[in-house]
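Step one of this worksheet: look at the structure below.
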There are 2 protein chains.
Amino acid sequence: MVVTIRDVARATGVSISTVSRALANPDQVAEATRLHVQETARTMGYRPNRAARGLVTGRTGSIGLVVPDLENPFFGSICKGVQARARAAGYAVFIADTDEDPLLEDEVVRGLAKQVDGVILCSPRGSDEAVSRAAEESALILVNRALPGVPSITFDNGGGARAVMRHFMALGHRRIAYAAGPITSWSNQERDLALREFAEQSNDIELIELGNFSPVFSGGTQAADLALASGATAIVAYNDLIAAGLVDRLRHRGITVPADISVTGFDNVPMSTLVWPNLTTVDLPRIQMGRASVDALLDRVLGRSTGPRPNLEIPVELVVRQSTGVVPAIPASSTQSAATPSSKRSRLV
Amino acid sequence: MVVTIRDVARATGVSISTVSRALANPDQVAEATRLHVQETARTMGYRPNRAARGLVTGRTGSIGLVVPDLENPFFGSICKGVQARARAAGYAVFIADTDEDPLLEDEVVRGLAKQVDGVILCSPRGSDEAVSRAAEESALILVNRALPGVPSITFDNGGGARAVMRHFMALGHRRIAYAAGPITSWSNQERDLALREFAEQSNDIELIELGNFSPVFSGGTQAADLALASGATAIVAYNDLIAAGLVDRLRHRGITVPADISVTGFDNVPMSTLVWPNLTTVDLPRIQMGRASVDALLDRVLGRSTGPRPNLEIPVELVVRQSTGVVPAIPASSTQSAATPSSKRSRLV
DNA sequence: CGAAACACTGCAAAGGTTTGCAGAATGTAT
DNA sequence: ATACATTCTGCAAACCTTTGCAGTGTTTCG
């Protein structure tokens with residue numbers, strides 16, 4: 001039925017050790033033998049049994065990837081990068097979706113840890129303690145979250161936030177709102193912190209922190225009214241979905257983006273070019289992140305790591321589209337009247 | 001370092017056979033022994049080595065999932081369903097992304113087949129022959145494509161297409177365009193065929209077939225001008241992305257959806273509620289599809305299949321939102337003048 | 001009370017591969 | 001020709017678990 005190394009050995013007339021070596025360590029066997037074995041193995045369709053190999057080598061040739069939600073395209077992209085790089089390195093990828101559940105996450109990571117060479121844990125929802133414990137029990141790379149003592153790869157959230165702030169400043173905005181994401185989200189904390197520090201340092205900027213909001217469309221609709229009431233002329237949304245909800249709700253309130261209020265997202269999900277106006281946002285190179293995390297993990301697993309690698313930060317880029325513009329002469333919220341469309345006013349500017 | 005069945009046996013004072021049975025076949029060992037073993041195994045953190053188990057049982061306890069593009073949320077949803085159901089059944093999931101490449105797909109499926117108990121092959125891009133061959137070499141379930149002799153699960157594309165047609169007929173539309181997807185896409189063929197048959201049977205409907213277009217936003221922008229020139233009052237897009245591109249381009253041409261032209265998508269991706277107007281579309285229950293495919297695969301793998309199961313068709317549902325409306329009195333394209341916004345005309349109706 | 005049935009446990013083989021070690025064969029230097 | 005180094009190949013153990021079979025001790029029934 002299935003062809004084993006024994007079959008190849010018999011067909012070639014050599015021992016199974018020689019077959020094994022001819023395929024795995026080609027330089028240890030004479031050229032004639034090697035070619036003969038390789039040719040026979042190929043024609044017979046021989047594939048080494050990974051279980052058997054794993055039993056003796058102690059390595060499985062596979063890695064685990066744990067994400068909170070596969071339906072979220074953000075993680076889909078990371079998966080793609082991970083999968084591609086892992087295959088290139090001869091590794092297979094186990095995937096696990098934790099459904100945003102910290103307990104399930106812990107269970108899944110522990111379960112996976114025993115049957116793979118290493119785990120990439122992406123945007124974990126669990127507590128610092130849980131994650132640290134998991135990191136001790138297995139070769140683990142943290143993605144999109146940093147934790148002292150655990151090797152990790154993150155996006156430069158702070159850099160992205162500062163780029164947005166500089167962009168707004170250049171457009172003349174001084175009163176800027178942040179529509180925050182989930183309070184448990186590490187990247188939300190990073191972005192929030194960077195915005196606050198930026199505002200403090202350039203002391204004519206006023207930062208209004210709103211939220212926290214759910215990182216979905218309806219979170220944005222909810223945030224819109226608060227932002228409008230706050231008198232901000234520009235809004236930084238935690239992510240693109242909140243930004244999309246913001247512009248939608250603002251439109252219903254008769255406010256025009258970007259004429260009356262500017263809005264930026266974060267993430268640059270594919271959707272951000274579909275909403276109208278196209279979102280100015282911060283692009284996070286997710287596929288690259290996936291690739292980098294595999295590299296980091298394999299460095300660790302294969303012991304080829306060059307010294308301690310506490311954290312690697314991947315640069316991000318502001319993508320300016322149509323949802324941001326110069327500050328209006330008369331802020332949309334100056335009347336506090338939501339019923340009056342203000343687009344006319346701003347057209348007069 | 002890592003705790004094996006031997007360690008548990010030594011700690012409990014029984015043989016390894018008993019430990020194995022106490023954990024896998026609890027009814028074959030005396031209650032006192034069983035409890036003792038189970039307790040010890042738990043406290044020691046023992047997890048059976050899957051490679052070793054696989055070596056003797058011949059089963060790996062994992063399945064493979066092959067998709068064309070993980071970044072596409074359509075497949076993300078299916079992954080989620082597959083992953084959840086597989087874990088519930090005690091199986092782990094290997095994931096592979098083929099990057100829409102038929103050759104890579106073939107290679108990946110063959111590579112995966114040897115190290116898993118079965119493969120779920122999702123929307124394969126390969127030829128009928130390649131897929132059939134792969135199906136012979138391994139336990140395989142085809143998803144989103146049907147092929148004689150290969151067990152498969154598909155969405156009821158025909159039913160969805162007919163539901164759209166009935167919807168348009170009820171709104172008074174008689175001249176309907178289809179913005180077709182990739183010619184190689186099986187589901188495009190299904191949808192196209194069903195539309196054509198429907199139009200033939202109800203002989204006052206005129207179906208205009210346009211395309212093929214790439215199943216992305218820009219494919220829709222391209223389709224919009226052709227559709228407008230065709231004089232159609234309603235457009236069925238192959239998928240939601242094309243539909244989104246359609247409404248965007250139509251807006252730029254001064255055409256209002258749905259007042260001047262009605263548009264439907266297909267798939268009901270999350271994005272379809274973000275575009276304006278919200279898309280009327282056909283919902284494909286993707287997570288359910290993922291679950292069903294695992295069930296079908298395990299039925300086959302575990303030999304508990306109830307007779308031959310050639311193809312299972314999952315029902316779909318038309319979701320009516322805002323991109324479809326009654327046929328305008330004067331079609332938008334009647335003047336062939338794209339410069340003149342026609343929304344005023346249609347408001348007069 | 002004896003025999004048979006039963007419940008439980010242990011022994012040992014098997015599964016496919018890698019790899020340390022030793023042996024065989026060939027080549028090289030003395 | 002002998003000793004030695006070198007290159008290549010094969011033997012056999014080891015990895016960890018499951019499972020058929022046999023053995024032991026206990027219960028049940030006639």
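In what follows, chains carry the letters A, B, and so on, assigned in the order in which the sequence lines appear, proteins first and then strands, with residues in each chain numbered from 1.
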Classify the ring geometry of Phe74(B) against Phe155(B): parallel below 30°, tilted from 30° to 60°, perpendicular beyond 60°. perpendicular
How many angstroms lie between atom CD of Glu100(B) and atom CG of Asp69(B), to the nearest 0.5 angstrom? 5.5 Å
Return the nearest nucleotide to the side chain of Leu55(B); candidates are dT18(C), dG15(C), dG10(C). dG15(C)
Of dT17(D), dT18(C), dC11(D), the nucleotide closest to the side chain of Ser15(A) is dC11(D)
Under 3.5 Å, is there a donor on one side chain and an acceptor on the other for Asn144(B) and Thr154(B)? no
Report yes or no: do Ser17(B) and Ser20(B) form a side-chain donor-acceptor pair below 3.5 Å? no
Can you tell me how far [atom2] of [N] sits from [atom1] of [X], to the nearest Å?
X         : N       : atom1 : atom2 : value
Arg59(B)  : dT17(D) : CZ    : P     : 17 Å
Gln115(A) : dT17(D) : CD    : C1'   : 15 Å
Ile16(A)  : dT19(C) : CD1   : P     : 13 Å
Arg10(A)  : dT17(C) : CZ    : C1'   : 15 Å

Base of dC11(D), side chain of Ser17(A) - is there a donor-acceptor contact under 3.5 Å? yes
Examine the base of dG10(D) for any acceptor or donor lying under 3.5 Å from a partner atom in the side chain of Arg21(A), and report the outcome as yes or no. yes
Counting only side-chain N and O atoms of Thr18(B), is one of them less than 4.0 Å from OP1 or OP2 of dT9(C)? no
When Arg53(B) and Gly13(A) are each assigned the nearest nucleotide of DNA chain D, the 5'-most assignment goes to Gly13(A)
Passing option when Val14(B) is tested against Val29(B), Thr40(B), Val8(B), Thr33(B) for side-chain contact (heavy atoms from CB on, under 4.5 Å): Thr33(B)
Which part of the nucleic acid does Thr57(A) contact within heavy-atom distance under 4.0 Å: base, sugar-phosphate only, or nothing? sugar-phosphate
Would you say that Pro124(A) contacts Glu105(A) through its side chain, given a criterion of any heavy-atom pair below 4.5 Å between the two side chains? yes
Can you list, in residue-number order, the parts of residues 22-50 of chain A that come under 4.0 Å of DNA chain D, counting heavy atoms only? Gln28(A), Val29(A), Ala30(A), Thr33(A)
Candidate pair Arg291(A) and Asp295(A), rule salt bridge (Lys or Arg N to Asp or Glu O under 4.0 Å), full reasoning: CA-CA 6 Å; Arg291(A) 286 196 291 252; Asp295(A) 291 342; over 6 Å; no
